[in-house]
Amino acid sequence: MATPANERMRAWRDRQRRSGRREVRMVLPDARLPGVRERVAASVSGLDQRDEEEALGWIEEVSEFDAHSAR
């Protein structure tokens, strides 16, 4: 007879924990909903372009995927 799903899930979680991993669950806004999309658009339109360019430049500088990196 097959093992019940809750027992298989418990065994999987136990194996993950033993290997140094843990499960994390996140609840996120559903970007498919028009109201959520409108709120995101309103937030994005309020961003300062210079601040965003500065942040992107910093990300590129510290990125491990940067071609100039000596890593």
Side-chain angles (χ1 to χ4, degrees):
M1 183 175 229
T3 307
N6 61 340
E7 290 179 26
R8 289 193 311 272
M9 210 49 214
R10 184 177 299 118
W12 178 80
R13 285 189 185 114
D14 289 343
R15 287 192 307 274
Q16 295 301 313
R17 285 187 195 111
R18 283 193 303 273
S19 68
R21 297 182 186 110
R22 73 180 176 115
E23 182 177 0
V24 177
R25 294 182 186 211
M26 296 172 45
V27 177
L28 304 170
D30 187 346
R32 298 172 294 184
L33 298 175
V36 172
R37 294 173 69 92
E38 290 166 5
R39 287 197 315 266
V40 170
S43 293
V44 169
S45 69
L47 295 174
D48 183 304
Q49 183 68 31
R50 286 172 294 183
D51 289 342
E52 294 305 304
E53 289 170 358
E54 181 182 339
L56 288 172
W58 179 83
I59 291 169
E60 289 176 2
E61 286 179 26
V62 300
S63 173
E64 67 181 72
F65 302 108
D66 189 349
H68 309 308
S69 177
R71 296 179 206 189

Legend entry - Distance (rounded to the nearest 0.5 Å) between R10 CZ and T3 OG1: 11.5 Å
Inset, instruction - Could you tell me the separation between the CZ atom of R13 and the CD atom of E23, rounded to the nearest 0.5 Å? - result: 4.5 Å
Legend entry - Minimal non-hydrogen separation, L28 against M26, with atom names: CD2-CE, 3.7 Å
Inset, instruction - Kindly give the heavy-atom pair with the smallest separation between A31 and V36, and that separation in Å. - result: CA-CG1, 4.1 Å
Inset, instruction - With sequence neighbours excluded, give me every side-chain hydrogen bond (donor to acceptor under 3.5 Å, both in side chains) pair touching residues 27-43. - result: D30-R32
Inset, instruction - Inspect the surroundings of CD in Q16 and state if more than 12 heavy atoms from other residues, nucleotides or ligands are less than 6.0 Å away. - result: yes
Legend entry - E53 side chain reached by Q49 side chain, heavy atoms, under 4.5 Å: yes
